[in-house]
Each structure stands twice: as C-alpha cells, then as structure tokens.
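The structure under discussion appears below in the form of structure tokens.
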Amino acid sequence: MKKTGLFLLLVLALTFALPLPAMAAELDAVTDAAGLLTETERGELNDRAEELAQQYQCAVYIVTLEDMEDMGGSDAYDLATAVYTEYDLGYGEEKSGLLLLLSMAERDYALIAYGYGNTAFTDYGKDVLLDEDVLPLLGEDAYYEGFSAYLDTAGEYLGLARDGKPFDVENAPGYDETEGRYETGSAYGTNARPKHDDEEFAIRLGAVILVPLLLAGGICLYWKRQMNTAVSARTADRYIPSDGFHLTGQQDTFLYRTETRRRIENHTSGGGHAGGTSMRSGGFSGRSGKF
C-alpha cells in the first residue's frame, strides 16, 4: 500500500513539474493566459495577427502569462524560445515568426524572432518597436493599445522587408547614407518619435521657460524698486575703523580645480546599432527586460 501511495505522489509530482503543457495544446496567435484583454479585444487582435501571417508568410504572436515560474521558467527570453520550440510555432518550413511574451508577476517581457523574422525584424527594428511603440503603453497598463501598436508596427516592418528594404538603422527615415547619420528632427535614431504635436509643444515650452522668466523678472523689478532709497558713496571711509586697519590673520583658499579626463572606448558588443540582426542560440534573435 505504501508503494502504491509513493507511486501516485511521484506521478503527480512529475505531472506538475512539466512546464509547457500548463497552457493549451495549441496556441492561438494571441494567447492571453494572464487575462489582460477582454474576449472581444483578444479576438480582434488574434484576427489581425493571423491576417499578417497569411499576407507576409511570417507569424506574429502575443503570449501573456501570470507568472512564468508557473511554467518552470525564470528568464523571459529562455521561456519565449522554449514556448516557440515546444509548441512548433512559426509559418512555413522555416518556422518564421515574431513572438512577444509578457510575464506579469515581475513585469518581464521578451521579444524573439525566428526564420524570416530575423530578416524582417532587425536588432534596430526590435528596439524601435519596443521603445517607441510598445513598452511606453505597456508601462501604463494600456495592454490592448500596446498590443495593437505591436501588430501595426510589425505589419509595417514586414511590408518593408517584402519590398527588399527591412527596417534597419540605415533604412530608417531621416538617415543620410552619405553622412552616416540622421537628419535633425529625424523620427528615428537619437531623436525619438515626437509624442506631441506642435501646439502641445509650444504650450509646454511656454510653461517651462517663459513663465519662470516672467516670474523672475517681476521679482527683480520689485527688488529694484526697494533699492531706490540707496545713495552711491564715493569713498569707503565709513567702513574703516577709527584706529586704522590691522591684519590679524592670513589664509589661502583654493576656489577652483582643473581636472583632465580621457575617455576609454568600450569595445564590448551590444553598444549602438551596426545594422542587421545578432543571432543567438537556436537560430533566435531577440531582446528581453522589464516594462
């Protein structure tokens, strides 16, 4: 009897130790295990993702989890690649696709690409997609809006890749190939996409610069009027004691210091954008972090 009980406990332990079967046997294009979307929102996003896959022969996925540790994972990138592999995701023989995974417990994310997805979604493209379009919305818990922006940008990138010009650092709008830099006011590069229109910017400029200047000017004018009774003195006799001036102490005080620094160049990988896609293990490329 004791052996039978131990056997049942072992079976149960092995059952709950298997990570990936915690979700459905097959994943939809949008799998919302964390319950961030209404069923209507999830269905709409799912239809849009499937349309992108059929149009560009590259699958686009969204997977949300309450806690990736429930699936045996502790790293969002590793779990995303495991989900992609174990559930046989991707379009066609190359299994081409892009997958955005969220784990809500620690607010972790991972964005990975595979197959043709590595061509359409370069390192620079992933950064722009995340930093400019998706993560700001997810950070405000605007999940439907963030996922919608994710699909919109993914569609743009896939369209550019189909035309033979994947979105990359040198193909971004405003990049001057002869100068090797972005034009002033470019939508990409060091100048991020503007999040406001001209009118809003003018209002903010006035509030930040003009209002303090007016306030400071008013204060100075008030102080000037209070000084109208002051009379200029031609000598400093009134400040000198009647018995003369006596030096009682002497001290040297250094007011300034000049310091010279030399920058040491960093030659480690990952800094800046050299263009293209950096492949990681298993044929995947991607990025992970917190939102």
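The figures that follow rest on heavy atoms only: side chains count, while hydrogens, waters and symmetry mates do not.
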Identify, with sequence neighbours excluded, every residue that meets side-chain hydrogen bond (donor to acceptor under 3.5 Å, both in side chains) alongside [X].
X: Asp88; value: Lys95
X: Tyr91; value: none
X: Lys165; value: none
X: Thr85; value: none

Legend entry - Side-chain H-bond candidate by donor/acceptor type, Thr277 with Asp123, under 3.5 Å: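 Their side chains do not contain a donor-acceptor pair, so the 3.5 Å distance test is not met.
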Legend entry - Donor on one side chain, acceptor on other, Thr64 and Asp32, under 3.5 Å: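 Indeed, the side chains of Thr64 and Asp32 share at least one donor-acceptor pair under 3.5 Å.
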Inset, instruction - Kindly say whether Ala29 contributes a backbone atom to a donor-acceptor pair with the side chain of Asn46 at under 3.5 angstrom? - result: yes
Inset, instruction - Without swapping roles, check the side chain of Asp67 against the backbone of Ala105 for a donor-acceptor pair under 3.5 Å. - result: no
Inset, instruction - Go through the steps to decide whether Leu65 and Leu102 satisfy the test side chain to side chain contact (heavy atoms under 4.5 Å, CB included), and finish with yes or no. - result: CA-CA 6 Å; Leu65 306 171; Leu102 301 185; over 6 Å; no
Using side-chain contact (heavy atoms from CB on, under 4.5 Å) as the criterion, list what pairs up with [X], not counting sequence neighbours.
X: Glu51; answer: none
X: Asp152; answer: Arg48, Ser148
X: Ala80; answer: Leu99, Leu101, Ala110, Ile112
X: Glu145; answer: Leu137, Ala142

Work out which heavy atom in [X] is nearest to a heavy atom in [Y]; give both atom names and the distance.
X: Lys290; Y: Glu106; value: NZ-O, 3.3 Å
X: Ala113; Y: Lys126; value: CB-CE, 3.9 Å
X: Gly283; Y: Met279; value: O-CE, 3.1 Å
X: Cys58; Y: Tyr116; value: CB-CD2, 4.2 Å
X: Ser103; Y: Met68; value: OG-N, 3.0 Å
X: Leu151; Y: Ala49; value: CD2-CB, 4.1 Å

Inset, instruction - Kindly indicate, with the supporting measurements, whether the criterion side chain to side chain donor-acceptor pair (under 3.5 Å) is fulfilled by Arg287 and Tyr77. - result: CA-CA 7 Å; Arg287 171 183 148 183; Tyr77 181 90; over 6 Å; no
Do [X] and [Y] make a side-chain contact, defined as non-hydrogen atoms from C-beta onward lying under 4.5 Å apart?
X: Val60; Y: Leu158; answer: yes
X: Leu100; Y: Tyr61; answer: no
X: Ser285; Y: Asn118; answer: yes
X: Leu129; Y: Tyr157; answer: yes

Output the distance between atom [atom1] ([X]) and atom [atom2] ([Y]), rounded to the nearest 0.5 Å.
X: Phe291; Y: Glu140; atom1: CZ; atom2: CD; result: 12.5 Å
X: Asp127; Y: Thr122; atom1: CG; atom2: OG1; result: 8.5 Å
X: Arg162; Y: Tyr56; atom1: CZ; atom2: OH; result: 4.5 Å
X: Arg42; Y: Asp28; atom1: CZ; atom2: CG; result: 5.0 Å
X: Glu39; Y: Glu41; atom1: CD; atom2: CD; result: 10.0 Å
X: Gln57; Y: Leu52; atom1: CD; atom2: CG; result: 11.5 Å

Legend entry - For Tyr114, all residues meeting ring-ring contact (aromatic ring centres under 6.0 Å, His included), sequence neighbours excluded: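 Tyr114 satisfies ring-ring contact (aromatic ring centres under 6.0 Å, His included) with Tyr84, Phe284 once adjacent residues are dropped.
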Legend entry - Pairs flagged by ring-ring contact (aromatic ring centres under 6.0 Å, His included) wherever residues 136-155 is involved - sequence neighbours left out: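 Listed by first then second residue: nothing to list.
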Legend entry - Residue Gln55 excluded, over 12 heavy atoms near CD under 6.0 Å: yes
Inset, instruction - Please lay out, stage by stage, how Tyr109 and Leu138 fare under the test side chain to side chain contact (heavy atoms under 4.5 Å, CB included). - result: CA-CA 10 Å; Tyr109 76 85; Leu138 298 184; 5.8 Å; no
Legend entry - Stepwise salt bridge (charged side-chain N to carboxylate O under 4.0 Å, His left out) test for Asp141 and Arg107: CA-CA 11 Å; Asp141 296 338; Arg107 299 182 74 84; 3.0 Å; yes
Legend entry - Full working for side chain to side chain contact (heavy atoms under 4.5 Å, CB included) between Ile62 and Thr31: CA-CA 6 Å; Ile62 298 171; Thr31 300; over 6 Å; no
Inset, instruction - Please assess Glu170 against Tyr124 for the test side chain to side chain contact (heavy atoms under 4.5 Å, CB included), listing each intermediate value before the final yes or no. - result: CA-CA 10 Å; Glu170 295 183 357; Tyr124 177 73; over 6 Å; no
Legend entry - Partner residues of Arg280 under the salt bridge (Lys or Arg N to Asp or Glu O under 4.0 Å) criterion, sequence neighbours left out: none
Legend entry - Partners passing salt bridge (Lys or Arg N to Asp or Glu O under 4.0 Å) against Glu93 (at least two apart in sequence or in another chain):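 With sequence neighbours excluded, Glu93 shows a salt bridge (Lys or Arg N to Asp or Glu O under 4.0 Å) to no residue whatsoever.
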